[in-house]
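For reference, the structure discussed in these notes is given below.
In this text the structure is predicted, and so the values were computed from the model without any measurement. Each chain gets a letter, A, B and so on, in the order its sequence line appears, and its residues count up from 1.
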Amino acid sequence: MAEVKNNLNKGVELKGAKKEDIMSPWKIVRHRLRRNKLAMAGLYILLFMIVVSVFGPIVQKYVFGITMEKIDLYNISAPPSLKHPLGTDEVGRDILTRLMYGGRISLTVGIVAVSISVVIGSIIGGISGYYGGVVDGIIMRFVDIFMCFPFFPLLLMLAAVLSDYKVDPKYRIYFVMVIIGILSWTGLARIVRGQILSLREQEFMQAAEALGLRDRRKIFRHLLPNTFASIIVSATLGIGSAILSESALSYLGLGVTPPYPSWGQMVQVATDYYVMKYEYWKWIPPGVCIFLTVMAINLFGDGLRDALDPKLKR
Amino acid sequence: MIPVLIGVSIIIFLIFQAAPGDALTGMMDPKMSYETKQKIRKQLHLDEPAIVQYKYWVQNVIRGDFGESFYFKQPVGRVMNTYIWNSFYLSLASFILSVLIAIPIGVISATRQYSFIDYFFTVFALIGISMPSFFFGLLLIKWFAVDINLFPVSGMMTPGSTAVGFEKFKDVLYHMVLPLTVLTLGSVAGLMRYTRSSMLEVIRQDYIRTARAKGLREKVVIYKHALRNALIPVVTIFGMWLPGLFSGAMITEAIFNWPGIGPIELLAVNNRDYPLLMGINMLLAFLTLLGNLIADVTYAIVDPRIRLK
């Protein structure tokens, strides 16, 4: 263990010594990104959503004294006003505040679910690509099996099983993150595997071999970092689709459940004809939030892909 | 293909084993005595270990018997057969429409890369991908069905309608407009971007320059020489759409109350109708595999270079 740690430290030092070389590709990427207006617009929208979701509830609580649960009995189902900029819902809770909390939950679900799928996907893809042969064959068949499942029906079924076990809404959010993460690692695993298959034939891997490095070190410190560009692009875009899955699931009442708000769940009230026709403030803002956030993520992810693509030299 | 199918069946079976309760919970009268319950359990092999139960289930599935749906009190096969075709019509219409819209747009975007029109369609495609289908569906219902009453809110036919032949077709088409819009927006976006990037790659190749150099008109160069090769990867994704054609878009169908497989599956989830769920999922997994196979075969047909390997 001590030896490993020592090696790790050495790695860090080496990296530090050649700081300029390592930084420069990222500078190019940042430069390219800045020139892409659509991507920057996406980034700003996303940052706005994150900042409002993280700090908005605090401001609401300590400045205006409004929390997620606070009921305003004099304003039930009230349209937007100065006191409630986006109106109130059917029990008199402030919609704007609930949107902010919903944003916290939806964004967290997206980020955590994707982190899970990135960890699983890159480990499995890395192992499969590095060892090749029989190991690769078995793992890829397993990936095939996973890919064969209709994603959404399976998600629904697992969520329904959760409901059967009467999981507390507080923990249910975490289960939803885990389920989405576990169901969406296959695409990334395939991408990583494909890249590692070709990377391991390159000369620097012969050098790694000659140094007598362990497999684990070769995979995690020499091969996987080289696939970082694809991982980061697919993770960014993955957050968008995870948020979409969560919102659809919550819309159907199988994702995040009350009292915790989520954007998808807030749109659910529109199934009521009266709400749909007259009380637009209850369901259009959360829908727009989902759309804007996912759109921003996709714009940024797309720009990132272009910026990270070494073939594209514009 | 077969090992994958076996793996899929094992996982589907395990998920249902993990669900609390068994086939009997949803099926039987709660007032039934314990003895009768045990007797029926024995008849259905529910008292035996999971492996044995799996064996029985697979034997039945191979014979095409998915068991009986708790909710519909009918064989699962018959329930699926009733609803799956409604999904198929809707998805097929959306498929044809998306191909007709997406491929020309993709080609135009690629030939005028970085022009205003290219950016316009890129943003349009991103909107299509980012729009949650349930929200878009609800918006369309509000705007076109509730507010101005132009299209029906839901369903597939006017209730109580006895129309046949062309009248019936017109009625279904009229009900189809809104769900079709939602479905098509999503798939046009993906297909268009796919066509665009594939076309961009082809346009840069030498033979296209040759075609231009020998004086062919730009239209012939693009639509005859370039498009053919650009469509090779696009054709293969048609195969992958096969399961989508039957599984329908669950949420879109549910929102418009289109009597397809989507709402049925939701109903099955909410009522814990396990045999029906297992049946639908097995069918979809099978179609996915079949779709991949078709994609591989078509790839070999349209691209002779693949066959040589």
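Interface summary for chain B: among Ala248(A), Pro286(A), Ala159(A), the most heavy-atom pairs under 4.5 angstrom belong to Ala248(A). Between chain B and the options Leu254(A), Thr293(A), Ile284(A), the largest number of non-hydrogen pairs under 4.5 Å is found for Ile284(A). Ranked by heavy-atom pairs under 4.5 Å with chain A, the list Ile6(B), Asn292(B), Ile12(B) is led by Ile12(B). Chosen from Thr271(A), Val294(A), Leu38(A), the residue pairing most often with chain B at heavy-atom distances under 4.5 Å is Val294(A). Contact count versus chain A (heavy atoms, under 4.5 Å) is highest, among Val269(B), Leu289(B), Asn281(B), Leu5(B), for Asn281(B).
Looking only at side-chain heavy atoms (C-beta outward), Leu156(A) and Met250(B) come within less than 4.5 Å of each other. Using a 4.5 Å heavy-atom cutoff, the side chains of Phe291(A) and Ile127(B) are in contact. Residues Val123(B) and Met295(A) meet the side-chain proximity criterion, which asks for heavy atoms closer than 4.5 Å. With a 4.5 Å cut-off on side-chain heavy atoms, Arg193(B) and Asp302(A) count as touching.
Contacts between Ile255(B) and chain A at a heavy-atom distance below 4.5 Å involve the side chain alone, from C-beta outward. Within the 4.5 angstrom heavy-atom criterion, only side-chain atoms of Ile251(B), from C-beta onward, approach chain A. At a 4.5 Å heavy-atom cutoff, Ile297(A) makes no contact with chain B through either its backbone or its side chain. For Leu299(A), the parts lying near chain B are the backbone and the side chain together; criterion is any non-hydrogen pair under 4.5 Å.
Residue-environment remark: CZ (Phe175(A)) stays at or below the threshold of 12 foreign heavy atoms within 6.0 Å. By the 6.0 Å contact criterion, CZ on Phe286(B) is open, its count of non-hydrogen atoms from other residues, nucleotides or ligands being 12 or less. Annotation for Phe142(A): atom CZ does not count as buried by contact number, only 12 or fewer foreign heavy atoms lying within 6.0 Å.
Leu138(B) approaches Ala270(A) most closely through the heavy-atom pair CD1-CB, 3.9 Å. Minimum heavy-atom separation, Pro132(B) to Ile290(A): CG-CG2, 3.6 Å. Contact between Leu126(B) and Asn298(A) at its shortest, heavy atoms only, is CD2-CB, 3.5 Å.
In this structure, Phe135(B) and Trp283(A) have perpendicular ring planes: the angle between them is above 60°, well past the 30° mark.
Among the residues in residues 139-148 of chain B, those with a non-hydrogen atom closer than 4.5 angstrom to a non-hydrogen atom of chain A are Leu139(B), Ile141(B), Lys142(B), Val146(B), Asp147(B).
Note that CE of Met157(A) and CD of Glu265(B) are 7.5 Å apart. Values are rounded to the nearest 0.5 Å.
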